[in-house]
Amino acid sequence: MWFERRNRHDRQSGSDRKFYIHTAMTLVLCSYCILSVLCSAAVCKVRAAKTDTLHIVLDPGHGGSQSGAARGSVEEKDLNLKIAEYLKEALEQYENVTVSLTRSGDYTVELLERTEIALSEDADVLISLHNNAAGGVSPYYNGCTVLAAKGDYASVDADKEEMVLEEQKLACNILNELSALGLEDQGILLRDSESGDTYEDGTLADYYAIIRNGVKYDLPSILIEHAFLDDNEDYEDFLSSDEKLQALAEADARGIARYYQLQEKDIGEVLLPLTNFREKIVHAIDGNAEHNEVSYKTYYTEEEDDSENTAEEIEENESDGRMISEEEMTSGTTTEEETMNEVAEDGLETEAVTEHVIEEESESLVDKGLRKVILLIVLAMIWVVLAIILIIFYVRRRRKNRTKRL
């Protein structure tokens, strides 16, 4: 009888011992796994917050059987590809930017396919690169222009209208840099569909496929017309050599970098954002330049009212058609030197504020991530402590049982 009770006790003790050991080991293992997985996730979030990457897809216009404009043996498709390659190289000199092309050689890419490529790569923006030739849409025969979405859609989609505004702001930054090279700034071109195509909300669609598809799929898309192949001065000054094509690409890159406030890798420079920038808007109604609606719009105002003025009002009130009105120049309230000093001071203040905000946001994100990591470590340590307490409880119980038997 005594031996049977002893055997039952030993079997029960063995079962209890195995149970506690397995439970303790399970708790320790779970603690380790939870700590590893959650800490890794938190660290990844911190890294992602610090390295938010801008992905730009460049679209060299035409290609393959689609030569585009031509000047003798010089074809637009070849110039567009060279500009795209130079632009990719220039943009990759900035932090947190990735760049890809819709075509890397002389082959045909359909218009919708270009947008689909950008969408498949989860692009932030699609920039189509072209050069121009005289036609009936515009009354000018030289200079640069940027095509963008026209906006004012029937659905009154706030997000879509915001995308349209940002496209036009990006266009302003690029035109600002191209005109600094000496190209005549012909403004932003908005063009209505001439075939009666509409969007889902019934609004008349944009004419150009790159722009129209961007609106349909909520992908910011613009098209840059750099210069006219059939204008002698434009061709000789901006398109006649690889060095000049590279200069165009670098101007594009500066405009893009200024708009997105990109930081250059080597020297850490961030270009100052534009302020009170007035740009010409050409709205092509039916493909006949005589019917175009021309107006001016001010971007980057302090109130962000982006008020529009007619071309006639601007010509009467502005000496240079852009930044400072003739009335201000002659009123005596500020001299040109004082105005430039104020702009410089505002620019320095803006740069300092921008850098400060970026630093604060980065530090805030990193601090939040680190706090999360610390919290997870504490929770894992609690699990480990519970496992140790369980083991100690088992050992003490076992010793107590042995003492009773003795």
Side-chain angles (χ1 to χ4, degrees), residues 56 58-61 68-69 71 76 79-91 93-94 99 125-134 137-148 166-190 208 210-211 220-262 271-282 294 296-300 320-323:
I56 301 172
L58 302 177
D59 172 42
R71 183 187 179 93
E76 181 195 348
L79 302 182
N80 297 341
L81 181 57
K82 287 184 178 181
I83 292 174
E85 291 170 341
Y86 286 131
L87 179 52
K88 181 178 186 294
E89 181 181 354
L91 287 172
Q93 303 307 309
Y94 293 91
V99 186
V125 64
L126 173 62
I127 301 176
S128 192
L129 306 170
H130 286 252
N131 284 281
N132 218 335
V137 179
S138 303
Y140 49 84
Y141 306 100
N142 69 322
C144 57
T145 188
V146 175
L147 284 54
E166 294 307 313
E167 285 183 11
Q168 294 179 11
K169 285 183 176 180
L170 175 57
C172 288
N173 282 270
I174 293 171
L175 289 170
N176 178 60
E177 299 297 334
L178 290 173
S179 62
L181 286 182
L183 280 160
E184 185 171 349
D185 180 359
Q186 301 292 3
I188 300 172
L189 177 63
L190 318 177
Y208 296 100
I210 288 292
I211 308 301
S221 306
I222 63 171
L223 188 154
I224 307 172
E225 296 279 11
H226 291 89
F228 279 71
L229 271 84
D230 52 0
D231 180 73
N232 292 332
E233 289 188 11
D234 269 14
Y235 179 78
E236 291 299 331
D237 293 343
F238 304 105
L239 303 174
S240 57
S241 70
D242 287 353
E243 291 76 11
K244 293 171 183 178
L245 297 176
Q246 185 174 9
L248 291 175
E250 290 174 349
D252 290 342
R254 286 192 298 274
I256 295 167
R258 189 186 299 275
Y259 170 75
Y260 286 108
Q261 289 295 279
L262 302 179
L271 297 174
L272 295 176
L274 297 177
T275 56
N276 295 317
F277 190 88
R278 186 166 284 161
E279 185 57 85
K280 180 168 68 173
I281 308 292
V282 178
V294 180
Y296 281 80
K297 187 172 182 177
T298 302
Y299 300 84
Y300 295 103
D320 58 359
R322 298 177 71 96
M323 299 294 290

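Any value given below was found using the heavy atoms of this structure, including those in side chains, with hydrogens, waters and symmetry copies removed.
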- [ ] Only counting residues at least two apart or in another chain, list the ones meeting salt bridge (Lys or Arg N to Asp or Glu O under 4.0 Å) with Arg71.
- [x] none
Open item on the list: Just to verify, what does Glu85 make a salt bridge (Lys or Arg N to Asp or Glu O under 4.0 Å) with, not counting sequence neighbours?
Closed with: none
Task: Test side-chain contact (heavy atoms from CB on, under 4.5 Å) applied to Ala133 - qualifying residues, sequence neighbours left out - done: Ala69, Asp230
TODO: Taking side-chain contact (heavy atoms from CB on, under 4.5 Å) as the test, write out the residues that go with Tyr141, two or more places apart.
DONE: Ala134
Task: Residues in side-chain hydrogen bond (donor to acceptor under 3.5 Å, both in side chains) contact with Tyr94, at least two apart in sequence or another chain - done: none
- [ ] Could you grab the distance from atom CZ of Arg258 to atom CG of Asn173, nearest 0.5 Å is fine?
- [x] 7.0 Å
TODO: Output all residues satisfying side-chain hydrogen bond (donor to acceptor under 3.5 Å, both in side chains) with Asp59, sequence neighbours left out; order by chain, then residue number.
DONE: Thr102, Arg114, Ser128
Open item on the list: Suppose we screen for side-chain contact (heavy atoms from CB on, under 4.5 Å). Which residues come up paired with Asp237, at least two apart in sequence or across chains?
Closed with: Glu233
Task: Sequence-distant partners of Lys82, salt bridge (Lys or Arg N to Asp or Glu O under 4.0 Å), two or more places apart - done: Asp242
Task: Euclidean distance, Asn232 CG relative to Asn142 CG, rounded to 0.5 Å - done: 11.0 Å
Task: Side chain to side chain, Ile224 and Ile83, heavy atoms closer than 4.5 Å - done: no
Task: Check: Lys244 side chain, Glu236 main-chain N or O, donor-acceptor pair, under 3.5 Å - done: yes
- [ ] Take Gln168 and Val146, measure what side-chain contact (heavy atoms from CB on, under 4.5 Å) needs, and give me the verdict at the end.
- [x] CA-CA 9 Å; Gln168 294 179 11; Val146 175; over 6 Å; no
Task: Partners passing side-chain hydrogen bond (donor to acceptor under 3.5 Å, both in side chains) against Glu166 (at least two apart in sequence or in another chain) - done: Tyr259
- [ ] Find out whether Leu271 and Arg254 are in side-chain contact, i.e. whether some heavy atom of one side chain is under 4.5 Å from a heavy atom of the other.
- [x] yes
- [ ] Could you list the residues that satisfy side-chain hydrogen bond (donor to acceptor under 3.5 Å, both in side chains) with Glu167, not counting sequence neighbours?
- [x] none
TODO: Would you please name every residue forming a side-chain contact (heavy atoms from CB on, under 4.5 Å) with Glu225, sequence neighbours left out?
DONE: His130, Asn132, Thr145, Leu147, Leu223
Open item on the list: Let me confirm one number: the CG-CD distance from Leu248 to Glu177, rounded to the nearest 0.5 Å.
Closed with: 12.0 Å
